[in-house]
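Okay, structure first, notes after.
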Amino acid sequence: MLRIEGLSAGYSAKPVLNGVSINVEAGEFVAIVGPNGAGKTTLFKTISGIVKPSGGGISFDGVDLLAVPPPQRAHLGIAHVPEGRQVFPSLTVMENLEMGAMTESGRRDWQANIERIFEWLPVLKERRNQFAGTMSGGQQQMLAIGRGLASSPKLLMLDEPSMGLAPSTADFIFERLIEIRRQSGLTMLLVEQRVAEALESADHGYVLEAGHVVLEGNNDTLRADDRVRKAYLGM
Amino acid sequence: MEGFLQALAAGLLIGAVYGLMCVGLGLIFGVMRVINFAHGDFMMLGMYVAFYLFTAVGIQALFGNTVGPFVAILLAGPALAVFGYFVHLALISHVSGTRTASLEGEGHYAQLILTLGIALILQNGGLIIFGSVLASIRTPLSSSAWELGPFFDMSIFLNKARSIDAIVSLAIMTLLSLLITRTRIGKSLRAAADNPTAATYMGIDVDRAHRTAFALGCGITAVAGGLLATNYPFHPFVGLEYVIVMYAGVVLGGMGSIIGAFWGGMTIGLVQQMSTLILPTQLQNAAIFAVFLLIIFFRPQGFFGRMVERT
Ligand SMILES: Nc1ncnc2c1ncn2[C@@H]1O[C@H](COP(=O)(O)OP(=O)(O)OP(=O)(O)O)[C@@H](O)[C@H]1O
Ligand SMILES: [Mg+2]
């Protein structure tokens, strides 16, 4: 579904990604882990078109993504739940969800989607008329996830949904994501610092370090790898 | 007492039109974060477009002297919106929106120079094309009044043209706030203002949202200008007189608050008219800025502004 081949990208003369290749098949749950500054967020921004690549290619559902203008990419079925949540603070929860549903499929499935989102993340229903900017970090993260789901995406990209949250809140959000995935079968690409949890639930994982994929495999391979055990799992 | 009520009424009437004028600028600043120094000159252009639509294009013949001016003024709105659309497309979009990431100072320096340049071109171009003779869009209503009252043997007189100006302003303001708060387009404008990057992730074309806001802002201020022109004569440099009021209104309302800009403009209209009760007319503008500084001293974020930085 998503094929990234030899992707290089960075910020004005500062290379960050260096020949990164990643593959996500339809229905898969793929996790990307790696230390701070490895380029995980940069990779997501390049997929969404905010960062322009200097080399390599990305195709999505057979479409050359780099030829698609950034705001059009959501309409192809890519939902990006960004690092740091980035909800629209002066819009209400409901309006934030409506913004998620700007895509054609999101508009078409609005009623069904909103019911499911409220079922999965009931706090959004309770607070639907609250301004997003006044919500707690965990609530904003749930809103960011709900907003991503509201577009009826084919691929949900999540950038560190546990960032800056209390462990119990992060656990809760993680558990919700697993449940959403179990019920919907949605294809997911997750970037996570909570390596143990991420690798445990993912079908396939990539380790990104300093702009290179240093390791990839299914979760058993990765969890059995010495380097992963030492560096990320603390074993 | 009678003088007070009279000034209050006059202040509310002119305040509504100032409010509309400020909202045009507030919309542009609120959505795009671009300081448009040419906005007063877009308004000047709107005044002349209304003037020529009325006198030269046959609207006077078609609708007569009473209704005609208001038809022309309302048509100047879409005309300036189209003009603003193309100015944004050809010029402003190069130094704002998604292009700012690669520019020095997020494009603010370039925006400053560009909008000042547009202002100079419009002013001097206006002088060449329209000449320096004062123009106005007078209607018979401009010199007649409705009498309100008498209450307790006091009567208030409302200038008919100014009253209609205020009603038109309020009507447009109502439509605009419905557009901003209720419609998909309005919500996506606010989303693009809140967080352009996240808006792009939602599939919102931020540059197009900016273009929409810029066009709308120009159209709205053009109508406000036309309404002002039913009572105040104008010339190609009239924008300079109003642009200060516009900025004061936007700051008072709270930078970034679109509806707030209306109340900022309203406040300025009220202060201007009420100050005539105690101050000579020449000090009207001084009074406006004294009150402006006072309000900003106690409420630096303006009426509707938030102290928190946007995320
Ligand atoms: N807008 C930017 N301009 C310049 N450099 C940037 C920018 N954003 C990120 N970088 C740099 O690019 C590198 C990769 O950053 P990125 O945010 O992709 O890392 P990350 O893997 O997501 O890290 P984290 O786990 O901390 O979120 C870092 O060295 C960072 O300093
Ligand atoms: Mg990151």
Side-chain angles (χ1 to χ4, degrees), chain A residues 11-13 41 44-45 47-52 68-92 94-107 110 131-135 137 140 143-144 147-148 150-153 156-157 159, chain B residues 26-27 29-31 33 93 97-104 106 177-212 253-260 301-302 304-311:
Chain A
Y11 306 92
S12 49
T41 299
F44 272 22
K45 284 184 177 169
I47 297 171
S48 288
I50 299 296
V51 171
K52 302 270 173 288
V68 178
Q72 284 304 317
R73 297 187 190 182
H75 298 271
L76 296 178
I78 298 177
H80 184 163
V81 179
E83 183 177 77
R85 312 180 261 279
Q86 306 206 26
V87 295
F88 302 113
S90 73
L91 270 59
T92 63
M94 205 61 184
E95 289 172 335
N96 267 273
L97 294 171
E98 286 172 38
M99 290 302 99
M102 288 298 280
T103 63
E104 205 173 302
S105 51
R107 265 183 254 189
W110 170 251
F131 287 110
T134 63
M135 298 213 298
Q140 288 190 12
L143 177 56
R147 189 180 64 174
S151 67
S152 288
L156 184 67
M157 305 200 301
D159 194 347
Chain B
L27 183 65
F29 181 80
V31 173
R33 304 276 144 177
S93 65
T98 53
R99 307 252 188 124
T100 54
S102 57
L103 295 169
E104 189 80 19
E106 292 188 319
S177 43
L178 286 176
L179 176 87
I180 296 283
T181 55
R182 300 287 163 81
T183 68
R184 180 178 285 277
I185 292 178
K187 289 172 194 173
S188 64
L189 289 183
R190 286 188 287 139
D194 261 7
N195 189 329
T197 310
T200 308
Y201 296 154
M202 301 300 115
I204 296 169
D205 186 331
V206 172
D207 288 322
R208 206 161 70 194
H210 283 187
R211 187 126 60 237
T212 307
M255 301 290 273
S257 166
I258 296 161
I259 309 300
Q301 73 272 40
F304 291 84
R306 281 167 301 165
M307 286 299 269
V308 287
E309 259 301 283
R310 30 179 215 151
T311 45

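In what follows, chains carry the letters A, B, and so on, assigned in the order in which the sequence lines appear, proteins first and then strands, with residues in each chain numbered from 1.
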Inset, instruction - Determine yes or no for a side-chain-to-main-chain donor-acceptor pair under 3.5 angstrom, with B:D194 supplying the side chain and A:S90 the backbone. - result: yes
Inset, instruction - Report the option among A:R147, A:R85, A:R73, A:M157 that has the most heavy-atom pairs separated by less than 4.5 Å from atoms of chain B. - result: A:R147
Inset, instruction - Kindly check if the number of other-residue, nucleotide or ligand heavy atoms within 6.0 Å of CZ (B:R208) is above 12? - result: no
Legend entry - Proximal component of A:A144, with respect to chain B [non-hydrogen, under 4.5 Å]: neither
Inset, instruction - For residues B:Y201 and A:P82, report the shortest heavy-atom separation together with the two atoms involved. - result: CE1-CB, 3.7 Å
Inset, instruction - Considering non-hydrogen atoms only, spot the tightest contact between A:P70 and B:T200 and give its length. - result: CB-CG2, 3.9 Å
Legend entry - Toward chain B, the part of A:H80 with a non-hydrogen atom under 4.5 Å: both
Legend entry - CG (B:L179) with more than 12 external heavy atoms under 6.0 Å: yes
Legend entry - Heavy-atom pair of closest approach, residues B:A198 and A:Q86: CB-O, 3.5 Å
Inset, instruction - Could you grab the distance from atom CE of A:M99 to atom CG of B:N195, nearest 0.5 Å is fine? - result: 13.0 Å
Legend entry - Which portion of A:I50 sits near chain B, non-hydrogen atoms under 4.5 angstrom: side chain
Inset, instruction - Return the option, out of B:R184, B:K187, B:R190, with the maximum number of heavy-atom pairs under 4.5 Å with chain A. - result: B:R184
Inset, instruction - Taking all non-hydrogen atoms of both residues into account, name the closest pair between A:G100 and B:M202 and its distance. - result: CA-SD, 3.7 Å
